Amino acid sequence: MVGIVLVAHSAGLAAEAAALARGIAGPEAPVAAAGGTDDGGLGTSVDLIEAALRDVDQGDGVLLIPDLGSSVLTARLLEEDGRVVVADVPFVEGAIAAAVAAGAGAALADVLEAAEEARAYRKL
């Protein structure tokens, strides 16, 4: 199953978005939060992202979904062609779409595509 790591500047934001994604996709969806800095502040931590990546990596690839700015730059440091991919998607909607696709057993490319389709979701 494809793993998903939500990379945010805030530990709380990442944790709540991950809980929401698992709540909708099902508890078996491998979604981890990597938010904030090592000391609990706002920012990003490559160490926290790497730890989350290891937690969700089941051998089918991992999708990293950053919120903005430096989280994108930090996540890109961990990209591995065909194995660890950074998604340029809306944070919450992309996370949920990716988690649902991953939970259904989709391949990494299909999980990424599902997350990317979230960009076109309309609310009204």
Side-chain angles (χ1 to χ4, degrees):
M1 192 174 296
V2 172
I4 299 160
V5 176
L6 304 182
V7 181
H9 284 76
S10 161
L13 174 62
E16 290 299 326
L20 179 62
R22 281 190 304 273
I24 292 172
E28 69 284 346
V31 180
T37 59
D38 296 328
D39 63 0
L42 292 177
T44 55
S45 163
V46 73
D47 293 333
L48 292 176
I49 300 167
E50 285 177 326
L53 198 153
R54 284 190 301 272
D55 286 346
V56 299
D57 188 357
Q58 298 181 9
D60 296 317
V62 177
L63 188 66
L64 303 178
I65 301 178
D67 61 355
L68 53 92
S70 66
S71 67
V72 176
L73 300 174
T74 307
R76 295 202 64 194
L77 294 173
L78 301 172
E79 282 185 300
E80 293 181 33
D81 194 33
R83 195 180 93 68
V84 179
V85 177
V86 176
D88 178 14
V89 301
F91 191 66
V92 173
E93 293 90 339
I96 292 168
V100 169
L108 180 58
D110 296 324
V111 172
L112 174 60
E113 183 178 340
E116 288 173 339
E117 288 175 1
R119 186 177 287 113
Y121 293 168
R122 296 189 44 87
K123 293 183 174 116
L124 294 177

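Keep in mind that the numbers below use all heavy atoms, side chains included, and drop hydrogens, waters and symmetry copies. Quantities reported herein were computed from a predicted structural model and do not represent experimental measurements.
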> More than 12 foreign heavy atoms under 6.0 Å from CD of Glu93: is that the case here?
Replying inline: yes
> Hey, is the main chain of Val31 close enough, under 3.5 Å, to the side chain of Arg22 for a donor-acceptor pair?
Replying inline: yes
> Hey, quick one: are Ile49 and Val56 part of the same hydrophobic cluster, counting side-chain heavy atoms closer than 4.5 Å, chains of contacts allowed?
Replying inline: yes
>> Could you report the tightest heavy-atom contact between Ser71 and Pro66, atom names first, then the distance?
In response: OG-CB, 3.4 Å
>> Rounded to the nearest 0.5 Å, what separates atom CD1 in Ile4 from atom CG in Leu53?
In response: 12.0 Å
>> Checking Gln58 now: which residues fulfil side-chain hydrogen bond (donor to acceptor under 3.5 Å, both in side chains) with it, not counting sequence neighbours?
In response: none
> Do the non-hydrogen side-chain atoms of Ile96 and Leu20 ever get within less than 4.5 Å of each other?
Replying inline: yes
> If only atom types and distance count, is the side chain of Asp67 paired as donor or acceptor with the main-chain N or O of Phe91 below 3.5 Å?
Replying inline: no
> Rounded to the nearest 0.5 Å, how far does CD of Glu79 lie from CG of Leu64?
Replying inline: 7.5 Å
>> Filter on salt bridge (Lys or Arg N to Asp or Glu O under 4.0 Å), then keep only pairs touching residues 36-57, sequence neighbours left out; what's left?
In response: Asp57-Arg83
>> Please give me the minimum heavy-atom distance between Ala14 and Ala34, naming the atom from each residue.
In response: CB-N, 4.0 Å
> Looking at Ala97 and Ala118, what are the two nearest heavy atoms and their distance?
Replying inline: CB-CB, 4.4 Å
> If every non-hydrogen atom of Thr44 is compared with every non-hydrogen atom of Ala8, which pair is closest and at what distance?
Replying inline: CG2-O, 4.2 Å
>> Taking Val84 as the starting point, is it possible to reach Leu108 by hopping between hydrophobic residues whose side chains are less than 4.5 Å apart?
In response: no
> Can you find a pair of side-chain heavy atoms, one from Val7 and one from Thr74, that are under 4.5 Å apart?
Replying inline: no
>> Testing the basics here: between Leu48 and Gly35, what is the closest heavy-atom pair and its distance to 0.1 Å?
In response: CD1-O, 3.7 Å
>> Quick check on the hydrophobic clustering: are Val92 and Val111 connected, directly or via other members, by side-chain heavy-atom contacts under 4.5 Å?
In response: yes
> What is the minimum heavy-atom distance between Thr37 and Gly43, and which atoms define it?
Replying inline: CG2-CA, 3.7 Å
> Would Leu78 and Val89 show up in the same hydrophobic cluster when neighbours are defined by side-chain heavy atoms closer than 4.5 Å?
Replying inline: no
> Are Val85 and Val100 co-members of a hydrophobic cluster defined by side-chain heavy atoms under 4.5 Å apart?
Replying inline: yes
